[in-house]
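Encoded as structure tokens, the structure appears first; notes follow it.
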Amino acid sequence: MALKNNFFDEVYQVVRLIPRGRVTSYGAIAKYIGAGKSSRMVGYAMNAAHNMLDVPAQRVVNRNGLLTGKFHFPTPTAMQELLEADGVRVENDTVKDFEKVFWDPSIELH
DNA sequence: CCGTTGACGCCAT
DNA sequence: TATGGCGCCAACG
């Protein structure tokens, strides 16, 4: 993770590294990249990331484990189903055991 | 060029 | 605990 010229590319890079069965948050990504408080930009990047098939946007949720971006998927249930296919349990639009499956790039990637 | 909008997050009430 | 306001900043009309 070196180039910071492209904020979006940095975001995509990190999202691609999220292991199967794990999730992370917009804020965690923003912090890791160095954007700090610009977590909104991460969400915006995800919106644009829809065209990139190798970017698992479903593994990125907000800091409460809530699937805030589910309505941006083809169907309202697509995000949840993708997560469950990854082995992440979702209940009431929220990631179950969020703390346990949370993947913090600033720690995992050091 | 300028005002709005938004897949967020933190802080003040 | 619940609500609302503000910062952040790129994209859009």
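Protein chains get the first letters and strands the later ones, always in sequence-line order, with residue 1 at the start of each.
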For A/R22, enumerate each residue passing the side-chain hydrogen bond (donor to acceptor under 3.5 Å, both in side chains) test, keeping only those at least two apart in sequence or located in another chain.
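By the side-chain hydrogen bond (donor to acceptor under 3.5 Å, both in side chains) rule, A/R22 matches no residue at all.
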
Find the distance A/N51:CG to C/dA11:P and express it as a whole number of Å.
14 Å

Check this for me: A/R16, atom CZ, are more than 12 non-hydrogen atoms of other residues, nucleotides or ligands nearer than 6.0 Å?
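Atom CZ in A/R16 is crowded, with more than 12 foreign heavy atoms closer than 6.0 Å.
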
Treat primed atoms plus P, OP1 and OP2 as sugar-phosphate and everything else as base, then score nucleotides 6-13 of chain B 5' to 3': B for base contact with protein heavy atoms under 4.0 Å, S for sugar-phosphate contact only, - for none.
BBBSS---

In residues 74-85 of chain A, what donor-acceptor pairs under 3.5 Å come from side-chain atoms, sequence neighbours left out?
{"unit_1": "A/T75", "atom_1": "OG1", "unit_2": "A/A78", "atom_2": "N", "d": "3.2"}
{"unit_1": "A/Q80", "atom_1": "NE2", "unit_2": "A/E84", "atom_2": "OE2", "d": "3.4"}

P atom, C/dG5 versus B/dT4: distance in rounded Å?
16 Å

Quiz question: by atom type and distance under 3.5 Å, do the side chains of A/S106 and A/D104 form a donor-acceptor pair?
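The criterion, which ignores hydrogens and geometry beyond distance, is satisfied for A/D104 and A/S106.
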
A/P105 and A/A28: which non-hydrogen atoms are nearest, and at how many Å?
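Shortest heavy-atom separation between A/P105 and A/A28 comes out as CG-O, 3.8 Å.
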
